[in-house]
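Given the structure is predicted, the values throughout are model-derived calculations rather than measurements.
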Amino acid sequence: MYFTPHLFHLDNTGQKQSLHTPQIWGQDVYILPRSKCSFRRVTLSSRKKNARDAVQLRLKKEAISANSKFRLVLDHSGRKAGAWECQTPPASVHKGRVLPESLAREPLNNGARAVQCLEGIEGQVWQDGNLNASRWWPDLPSQVQWTAFMRAAQVELETQDITRPEISNIPFRSNLPLLEFEQDRLAEIFSPLHLAVVSALVLGGIGAFLSGEYLRNISALQMTLKDKTELSATAEQILSQRRRALGNMAHAQQHHALGHQGALVLMLKDMADVLEENELQIERLRLRDQQLELNLTGDIDISVPDMVSRLEATSSLHNANIALERQQLITIRAQMTPPRVFSPKSTSGNGP
């Protein structure tokens with residue numbers, strides 16, 4: 001597994017020596033040799049945390065050195081525990097996870113065994129999966145030493161069980177927790193100074209992110225306002241062109257309403273021919289939708305039926321009528337007749 005803890009120890013020259021093949025991203029675990037640890041059995045008043053804290057205080061009072069660290073391993077019953085006193089390496093060597101060698105090797109269910117350690121030999125007595133007794137020797141212990149160890153373990157064993165067993169090379173455990181932190185290490189990691197630095201970094205990151213978002217939104221707003229201005233200018237131009245087009249259309253419609261381009265000229269000619277025998281003057285002329293309204297002033301002593309007939313006899317006017325509005329004012333109303341348009345006859349290719 002990529003996250004399997006990486007076990008290592010320090011050789012006589014202080015160099016790191018891996019105890020198995022290193023894994024990617026695994027937590028570094030410093031295996032403290034059994035020669036640098038001491039073991040004892042302790043009894044707890046209860047399974048609560050207060051009882052464990054009380055045992056820790058008592059162990060610190062009885063510690064060999066002021067720099068000693070203690071690790072409690074509770075039995076399955078929770079009323080007794082194995083206490084390991086360790087001399088941890090200096091921070092310059094390793095500041096992370098530390099584990100006594102005996103706890104890093106595969107456990108035994110019941111019985112006694114002699115284990116080959118990184119340095120020296122360790123005797124172990126196990127009962128119901130709990131380590132009840134442990135003793136370390138720099139060299140292979142004699143039978144007398146082993147017998148004294150077994151008797152001190154206070155375990156009911158048969159006579160043949162007191163015989164020193166063969167030295168065993170016990171492999172290191174493969175089921176160690178992926179992550180684990182010592183209480184002192186946690187206190188150091190979560191110290192007020194570290195928390196303040198982390199909080200400042202987090203707040204700085206949040207501030208930088210919000211600042212970036214603000215600047216991005218401001219830029220987007222400016223681009224939107226620019227696009228809006230351009231769209232407004234384009235819309236204004238389109239509206240101006242539309243108004244111009246509507247004006248041109250209205251002008252064209254008015255011009256179209258006048259009819260044929262020669263109708264007005266023909267109408268005025270015909271009107272002049274009819275009125276030339278009378279001393280009348282045009283005061284106002286109005287032409288709308290091919291409806292002519294003409295106001296004349298002068299001598300109104302005219303024959304209205306005769307003039308109407310003469311007007312309708314022209315080729316440019318019809319539906320004419322004459323009204324005598326007041327003294328010396330005649331109003332003529334008539335409908336314009338568009339002139340006929342003739343197209344030249346087509347000629348054949350053989351000529352006339």
Side-chain angles (χ1 to χ4, degrees), residues 4-5 7 27 29-64 68-88 97-117 121-137 141 145-165 168 170-187:
T4 300
L7 309 183
Q27 185 185 24
V29 181
Y30 174 53
I31 302 302
L32 196 64
R34 177 63 177 85
S35 58
K36 295 181 173 59
C37 305
S38 64
F39 176 82
R40 74 186 76 176
R41 294 282 291 173
V42 294
T43 302
L44 285 78
S45 59
S46 67
R47 300 175 63 95
K48 297 181 180 180
K49 182 177 181 299
N50 293 338
R52 297 196 299 271
D53 293 341
V55 170
Q56 288 277 8
L57 289 175
R58 190 182 71 202
L59 290 174
K60 288 180 179 179
K61 290 181 180 179
E62 300 172 356
I64 300 174
S68 296
K69 304 294 182 182
F70 290 90
R71 185 184 183 94
L72 284 180
V73 181
L74 298 180
D75 289 359
H76 302 310
S77 64
R79 302 306 299 268
K80 289 188 177 182
W84 294 90
E85 182 177 353
C86 306
Q87 299 294 323
T88 57
R97 185 176 172 185
V98 178
L99 189 64
E101 180 182 359
S102 302
L103 299 179
R105 296 188 183 274
E106 293 289 345
L108 184 66
N109 190 27
N110 287 287
R113 65 184 182 184
V115 180
Q116 178 66 56
C117 299
I121 306 297
E122 179 187 16
Q124 298 178 348
V125 177
W126 293 79
Q127 188 174 23
D128 298 329
N130 302 314
L131 182 60
N132 280 359
S134 173
R135 180 171 295 178
W136 177 82
W137 296 278
Q145 291 174 319
W146 183 263
T147 302
F149 163 63
M150 296 297 294
R151 289 175 177 173
Q154 299 180 359
V155 177
E156 295 181 359
L157 299 173
E158 299 296 335
T159 304
Q160 61 270 23
D161 292 334
I162 300 178
T163 303
R164 186 191 67 194
S168 303
I170 306 300
F172 289 98
R173 291 170 52 189
S174 60
N175 60 344
L176 290 174
L178 298 182
L179 291 175
E180 189 176 58
F181 295 95
E182 303 293 340
Q183 185 174 1
D184 295 341
R185 179 60 177 163
L186 288 176

Compare all side-chain heavy atoms of [X] with those of [Y] and state whether any distance is below 4.5 angstrom.
X: Pro141; Y: Ile121; value: yes
X: Pro100; Y: Lys36; value: no
X: Tyr30; Y: Arg97; value: no
X: Pro165; Y: Trp146; value: yes
X: Val98; Y: Lys69; value: no

Set out, in order, the CA-CA distance, both residues' side-chain angles and the distance that settles side-chain contact (heavy atoms from CB on, under 4.5 Å) for Arg41 and Lys80, then state yes or no.
CA-CA 7 Å; Arg41 294 282 291 173; Lys80 289 188 177 182; 3.7 Å; yes

Any side-chain to backbone donor/acceptor pair from Arg164 onto Gln145? Under 3.5 Å, distance only.
no

Can you check whether Arg47's main-chain N or O pairs, donor with acceptor, with Arg52's side chain at less than 3.5 Å?
yes

Taking only residues two or more places apart in sequence or in another chain, which ones pass side chain to side chain contact (heavy atoms under 4.5 Å, CB included) with [X]?
X: Lys48; value: Ser46
X: Val73; value: Trp84, Leu103
X: Ser168; value: Ile170
X: Ile31; value: Leu7, Leu19, Val29, Leu99, Glu101, Ala104, Leu118, Phe172

Regarding Asn132 and Gln127, is there a side-chain donor-to-acceptor distance under 3.5 Å anywhere?
yes

Work out which heavy atom in Ala152 is nearest to a heavy atom in Arg135; give both atom names and the distance.
CB-NH2, 4.0 Å

Measuring from atom [atom1] of [X] to atom [atom2] of [Y], what distance do you get when rounded to the nearest 0.5 angstrom?
X: Trp136; Y: Ser102; atom1: CH2; atom2: OG; value: 11.5 Å
X: Leu74; Y: Leu44; atom1: CG; atom2: CG; value: 6.0 Å
X: Asn130; Y: Ser77; atom1: CG; atom2: OG; value: 6.5 Å
X: Gln56; Y: Phe70; atom1: CD; atom2: CZ; value: 7.5 Å
X: Cys86; Y: Leu32; atom1: SG; atom2: CG; value: 5.0 Å

Hey, mind stepping through Glu85 and Leu59 against side-chain contact (heavy atoms from CB on, under 4.5 Å) and telling me if it holds?
CA-CA 9 Å; Glu85 182 177 353; Leu59 290 174; over 6 Å; no

By side chain to side chain donor-acceptor pair (under 3.5 Å), which residues pair with Gln116, not counting sequence neighbours?
none

Residues at least two apart in sequence or cross-chain that pass side chain to side chain donor-acceptor pair (under 3.5 Å) with Thr147, listed by chain then number, are Gln143

Answer yes or no: is there an ion pair linking Asp75 with Arg79, defined by an N-O contact shorter than 4.0 Å?
no

In plain terms, say whether Arg40 and Glu62 are close enough for a salt bridge, that is, a side-chain N and a carboxylate O under 4.0 Å apart.
yes

Result for side-chain contact (heavy atoms from CB on, under 4.5 Å) between Phe39 and one of Glu122, Gln124, Arg34 points to Arg34

Output field: ring centroids Trp137/Phe149 closer than 6.0 Å:
yes

